[in-house]
Amino acid sequence: MGSHVSKQVEKRKAISTERKVLVDLEGSSGETYPGSDYRLSDRKNWMAGLNPEKLHINQVVWPGTHDSATNKIGIPMITRPFAQCQSLSIYRQLCVGTRVLDVRVQEDRRICHGILTTYSVDVVIQDLKKFLSETQSEIVILEIRTEFGHDDPPEFDKYLEEQLGEYLIHQDDNVFGKTIAELLPKRVICVWKPRKSPAPKHGSPLWSAGYLKDNWIDTDLPSTKFENNMKHLSEQPPVSSRKFFYRVENTVTPQADNPIVCVKPVTNRIHGYARLFITQCFSKGCADKLQIFSTDFIDEDFVEACVGLTQARVEGKA
């Protein structure tokens, strides 16, 4: 018992120390970078506002959500706090400005996060199609994977093609150098990551797992995650020469050995430092490598932080 208490005391000290590291870094470096003062007038149509004929796919800093379809997961007030990573529906996330969705499914096509489940993936597709029908120039990256420990939904690739066929941008390395206008009227890059089923092939309406990469760091320590995110990002090729999407997740994850295991209070340890991360990307010389930037509980400021840098790239200022 005594050793357990001592371990928890040390854990809390570590968390406090790491929070102070980010606070001090923010105080010394600020949060100013090219485009940081940009404010959106129309979040729902922000890509259209940056001129689709000039905006290239590899210039976009894509605002993304982590575990996107968990707004209604589990039982409210009982199991939901342990798995909920977003409070908004998929449709509302897209309207706020999210352009990368991270969706986990199990064999019966229900959304899941670990052992907890929620609505069918049909809800995600319906929300996405509603958004697409209300906009004209917004491109969305939809990543769907079979959750760890679960089996692939049968014939899921056919389901996705049937549901989204008219919108799907086919797997093609040339897409990265194209403008949004050159891809229209196609609107969705759908990355399907099965566990055992065959991966999508080149030229397929769906994209294979290798086209969306990240380095997941499983920690609840904010400075550790921040620094590891920077390290892994710095090791990537610049977006101008990369033929895959690379994601950085501005999140931390509850750990079983900590008394606080609800998502929101844990992820809030890093949530407010998205702009600091972008600022540090410039300081460390890797701002030209930042591409997909994802978060829990996405908000308007996070979207504007990403879109501001995107605008600066279009204008040749970053």
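Just the heavy atoms: all of them, side chains too, but no hydrogens, waters or symmetry mates, feed the values below.
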Ring-plane angle category for Y211 and W207, please: parallel below 30°, perpendicular beyond 60°, tilted otherwise.
perpendicular
Please test I57 against I180 for side chain to side chain contact (heavy atoms under 4.5 Å, CB included), starting from the C-alpha separation and ending with a verdict.
CA-CA 6 Å; I57 290 296; I180 286 176; 4.2 Å; yes
Looking at [atom1] of [X] and [atom2] of [Y], how far apart are the two atoms once the value is rounded to the nearest 0.5 Å?
| X | Y | atom1 | atom2 | result |
| --- | --- | --- | --- | --- |
| T65 | L101 | OG1 | CG | 5.0 Å |
| S133 | R187 | OG | CZ | 9.0 Å |
| Q84 | F297 | CD | CZ | 5.0 Å |
| K13 | E18 | NZ | CD | 15.0 Å |
| I144 | L206 | CD1 | CG | 9.0 Å |
| L116 | Q106 | CG | CD | 10.5 Å |

Hey, is [atom1] on [X] packed in by over 12 heavy atoms from elsewhere, all under 6.0 Å?
| X | atom1 | result |
| --- | --- | --- |
| K44 | NZ | yes |
| E315 | CD | yes |
| K243 | NZ | yes |
| R195 | CZ | yes |

Starting from [Y], can I reach [X] by hopping between I/L/V/M/F/W/Y residues whose side chains sit under 4.5 Å apart?
| X | Y | answer |
| --- | --- | --- |
| I278 | Y273 | yes |
| V60 | Y167 | no |
| V175 | V188 | no |
| L276 | V307 | yes |
| V100 | V124 | no |

Solution key, residues 262-270 side-chain donor-acceptor pairs under 3.5 Å, sequence neighbours excluded:
residue, atom, partner, partner atom, Å
T267, OG1, D296, OD2, 2.7
N268, ND2, K264, O, 3.3
R269, NH1, D220, O, 3.0

Applying side chain to side chain donor-acceptor pair (under 3.5 Å), run through R110 and T117 and close with a yes or a no.
CA-CA 7 Å; R110 285 166 67 94; T117 61; 3.2 Å; yes
Let's go through F293 and F302 carefully: what are the C-alpha distance in whole Å and the side-chain angles of both, what is the deciding distance for ring-ring contact (aromatic ring centres under 6.0 Å, His included) to 0.1 Å, and is it a yes or a no?
CA-CA 9 Å; F293 199 25; F302 184 89; 5.2 Å; yes
Please determine, by modelled atom types, if [X] and [Y] share a side-chain donor-acceptor pair under 3.5 angstrom.
| X | Y | answer |
| --- | --- | --- |
| D152 | T146 | yes |
| S223 | E227 | yes |
| H66 | D102 | no |
| T219 | Q255 | no |

Distance-only, no hydrogens or angles: does the [X] side chain make a donor-acceptor pair with backbone N or O of [Y] under 3.5 Å?
| X | Y | value |
| --- | --- | --- |
| H150 | C112 | no |
| Q59 | T310 | no |
| S28 | D24 | yes |
| K289 | L233 | no |
| N229 | V248 | no |
| R104 | H113 | no |
| H56 | T179 | no |

Could you tell me if R275 sits above the aromatic ring of Y33, with its cationic atom closer than 6.0 Å to the ring centre and no more than 45 degrees from the axis?
no
Should the pair K225 and W216 be classed as cation-pi, given the thresholds of under 6.0 Å to the six-membered ring centre and 45° from the axis?
yes
Show which residues join V239 in its hydrophobic cluster (side-chain heavy-atom contacts under 4.5 Å, direct or indirect), or state none.
none
Mind running salt bridge (Lys or Arg N to Asp or Glu O under 4.0 Å) on D122 and R109 for me, showing each step along the way?
CA-CA 8 Å; D122 291 341; R109 296 185 183 173; 5.4 Å; no
Kindly say whether the aromatic ring centers of F244 and F176 come within a distance under 6.0 Å.
no
Is any side-chain heavy atom of [X] less than 4.5 Å from a side-chain heavy atom of [Y]?
| X | Y | value |
| --- | --- | --- |
| F282 | P34 | yes |
| R313 | L290 | yes |
| R99 | I141 | no |
| D127 | S89 | yes |
| L164 | K129 | yes |

Please find the pair of heavy atoms, one from [X] and one from [Y], that lie closest to each other, and give the distance.
| X | Y | result |
| --- | --- | --- |
| V61 | W46 | O-CH2, 4.5 Å |
| A312 | G35 | CB-N, 4.1 Å |
| T295 | Q86 | O-NE2, 2.9 Å |
| D172 | H202 | CA-CE1, 4.0 Å |
| L88 | Q93 | O-NE2, 3.0 Å |
| E138 | L132 | O-CD2, 4.2 Å |

Given the rule in the side chain to side chain contact (heavy atoms under 4.5 Å, CB included) test, do I139 and I169 qualify, once you have shown the distances and angles that lead to the verdict?
CA-CA 9 Å; I139 304 291; I169 298 167; 4.2 Å; yes
Does Q280 form a side chain to side chain contact (heavy atoms under 4.5 Å, CB included) with L25? I'd like the steps, not just the answer.
CA-CA 9 Å; Q280 286 298 299; L25 183 60; 3.8 Å; yes
One pair to check against salt bridge (Lys or Arg N to Asp or Glu O under 4.0 Å): E155 and K158. What are the steps and the verdict?
CA-CA 6 Å; E155 299 187 326; K158 294 180 180 179; 3.5 Å; yes
Step by step, would you call I125 with Y159 a side chain to side chain contact (heavy atoms under 4.5 Å, CB included)?
CA-CA 11 Å; I125 300 299; Y159 165 82; 3.7 Å; yes
Candidate pair R43 and E304, rule salt bridge (Lys or Arg N to Asp or Glu O under 4.0 Å), full reasoning:
CA-CA 8 Å; R43 290 178 178 82; E304 287 186 338; 2.7 Å; yes
Whether R247 and E249 form a salt bridge (side-chain N of Lys/Arg under 4.0 Å from carboxylate O of Asp/Glu) is what I want to check.
yes
Given side chain to side chain donor-acceptor pair (under 3.5 Å), test Y91 with E134 step by step and report yes or no.
CA-CA 11 Å; Y91 175 72; E134 295 172 355; 2.5 Å; yes
